[in-house]
2 protein chains.
Amino acid sequence: MKLSEAQQKFIQGWGQLGASWGINRTMAQIQAVLLLSPKPLCTDDIMERLQISRGNANMNIRELLSWGVVYKSFIPGDRKEYYYSEKDMWELAKKVSRERKKRELEPLVRILGEVKSVEGTSEEVKEFRKVVKSAGSMAKRAESVLDLVMKLDENIFFKWMGKKK
Amino acid sequence: MKLSEAQQKFIQGWGQLGASWGINRTMAQIQAVLLLSPKPLCTDDIMERLQISRGNANMNIRELLSWGVVYKSFIPGDRKEYYYSEKDMWELAKKVSRERKKRELEPLVRILGEVKSVEGTSEEVKEFRKVVKSAGSMAKRAESVLDLVMKLDENIFFKWMGKKK
DNA sequence: CTAAACTTTCAATAATTTCTGAAAATTTAA
DNA sequence: TTAAATTTTCAGAAATTATTGAAAGTTTAG
């Protein structure tokens with residue numbers, strides 16, 4: 001298979017994965033482009049590679065920077081900003097876990113805390129309390145799994161998983 | 001807090017969580033309604049509760065059934081189908097893991113297998129191979145984590161996590 | 001059978017999300 | 001400073017995704 005074709009497939013597949021996990025497809029594709037590039041790229045490179053507008057490129061690069069999975073790089077004698085991706089997949093997984101935990105799990109936990117104070121003794125209220133309690137406990141568990149994943153390094157994690165690296 | 005208000009908040013929050021994980025908001029809300037109901041509900045109950053059309057309700061119920069997180073229930077002497085949710089959050093988490101692994105991780109793994117055969121010795125090709133290899137290894141790891149989660153029961157998992165139940 | 005009860009489908013429409021491109025803001029070299 | 005280079009913003013447009021509702025399909029009681 002030719003490189004360009006293979007790259008295209010990878011970028012598409014990565015974008016698809018992102019999209020089905022609630023991440024903007026273009027954002028995931030930009031990250032794929034940066035992952036595949038041996039050297040940092042500027043906004044124009046990315047615009048050209050993915051055939052997208054400056055606004056779109058800028059917005060999504062910004063988002064990737066805020067997730068901490070893409071970094072800025074400055075090239076001496078060039079005013080443009082260049083970007084490169086975190087290439088350690090383990091580090092990437094940790095950062096994505098951290099971000100999603102913050103953005104999605106925590107809001108649910110907050111709501112669960114609020115609604116715990118529901119009044120009454122009817123069957124519906126009992127059912128409600130039960131569901132809220134078990135959802136809360138599951139969310140806490142998920143948080144601790146993510147915390148653990150984020151704290152351990154790859155080696156220790158896989159040793160702990162009982163698999164060879 | 002009053003039950004109706006609390007339920008409303010829970011349904012909204014659950015829908016939000018679903019939406020940010022790439023699950024149709026209404027689908028998640030229907031599941032929340034069923035989670036909170038002490039008894040099975042029919043399509044009309046759900047339509048009324050969420051103020052949605054019959055088509056929409058039917059489509060999303062169908063999807064929930066296909067994920068295996070909602071079951072059908074028949075009430076003697078009634079021709080309508082009734083639905084109830086899997087209420088064990090651990091079971092729910094396992095089923096969602098299984099479904100997402102199948103729907104999203106597997107396609108990526110397939111693509112990675114395809115593009116592995118890229119030809120050449122340039123730096124870009126080397127970089128490409130490296131990225132594909134580490135993405136593949138991460139995907140396999142993620143799959144084994146999910147497999148493990150799906151195989152273990154809640155007790156064993158949390159013991160293994162070093163936390164009390 | 002027949003018809004009522006119920007479920008499913010799907011084309012049209014609505015809602016939401018993403019993208020564009022040009023203008024505004026910012027940065028920096030000189 | 002000044003002005004060229006670059007980045008950011010954002011209103012409108014385009015694309016995508018979700019929803020409706022009515023018609024078609026299915027099932028079952030009688």
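So you know, we letter chains A, B, ... as the sequences are listed, proteins then strands, and number each from 1. Reckoned from all heavy atoms, side chains included, excluding hydrogens, waters and symmetry mates.
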Positions of residues 7-16 of chain B (non-hydrogen atom under 4.0 Å from DNA chain D), listed by number: none

Atom pair distance, as rounded to whole Å: CE in Met47(A) and P in dT20(C): 9 Å

Protein-nucleic acid N or O pairs under 3.5 Å, nucleotides 15-17 of chain C:
none

Residues forming a side-chain contact (heavy atoms from CB on, under 4.5 Å) with Gln8(A), sequence neighbours excluded: Gln12(A), Arg49(A)

Pair Val118(B)-Phe10(A), side chain to side chain contact (heavy atoms under 4.5 Å, CB included): steps then yes or no: CA-CA 11 Å; Val118(B) 65; Phe10(A) 180 82; over 6 Å; no

Phe128(A): partners by ring-ring contact (aromatic ring centres under 6.0 Å, His included), with sequence neighbours left out: none

Glu127(A): side-chain contact (heavy atoms from CB on, under 4.5 Å) partners, not counting sequence neighbours: Lys130(A), Val131(A), Pro38(B), Lys87(B)

Trace of the salt bridge (charged side-chain N to carboxylate O under 4.0 Å, His left out) decision for Lys102(B) with Glu99(B): CA-CA 5 Å; Lys102(B) 194 167 69 199; Glu99(B) 221 36 51; 3.6 Å; yes

For chain A, the stretch of DNA chain D it reaches, first to last nucleotide, under 4.0 Å of its heavy atoms: dA4(D) to dT9(D)

Whether Lys95(B) side chain and Gly68(B) backbone form a donor-acceptor pair below 3.5 Å: yes

Salt bridge (Lys or Arg N to Asp or Glu O under 4.0 Å) pairs, two or more places apart, involving residues 56-66 of chain B: Glu63(B)-Arg103(B)

Contacts of type side chain to side chain donor-acceptor pair (under 3.5 Å), residue Asn60(A), not counting sequence neighbours: Asn56(A)

Below 4.0 Å: OP1/OP2 of dC19(C) and any side-chain N or O of Thr26(A): yes

Phe74(A): ring-ring contact (aromatic ring centres under 6.0 Å, His included) partners, not counting sequence neighbours: none

For Leu17(B), all residues meeting side-chain contact (heavy atoms from CB on, under 4.5 Å), sequence neighbours excluded: Glu104(A), Leu108(A), Trp21(B)

Are any protein N/O atoms closer than 3.5 Å to N/O atoms in nucleotides 7-11 of chain C? If there are, list each pair with its distance.
unit_1: dT7(C); atom_1: OP1; unit_2: Glu81(B); atom_2: N; d: 2.8
unit_1: dT8(C); atom_1: OP1; unit_2: Arg62(B); atom_2: NH1; d: 3.2
unit_1: dT8(C); atom_1: OP1; unit_2: Arg62(B); atom_2: NH2; d: 3.0
unit_1: dT8(C); atom_1: OP2; unit_2: Asn58(B); atom_2: ND2; d: 2.5
unit_1: dT8(C); atom_1: OP2; unit_2: Arg62(B); atom_2: NE; d: 3.3
unit_1: dT8(C); atom_1: OP2; unit_2: Arg62(B); atom_2: NH2; d: 2.4

Pairs where residues 2-14 of chain A contributes a residue and the test salt bridge (Lys or Arg N to Asp or Glu O under 4.0 Å) is met, not counting sequence neighbours: Lys9(A)-Glu114(B)

Residue pair Gly120(B) / Arg129(B): nearest heavy atoms and the distance that separates them: O-NH2, 3.4 Å

Expected output: side-chain Ser97(A) to main-chain Ala93(A) donor-acceptor under 3.5 Å: yes

Rounded distance in Å - CD (Gln29(A)) to C1' (dC19(C)): 13 Å

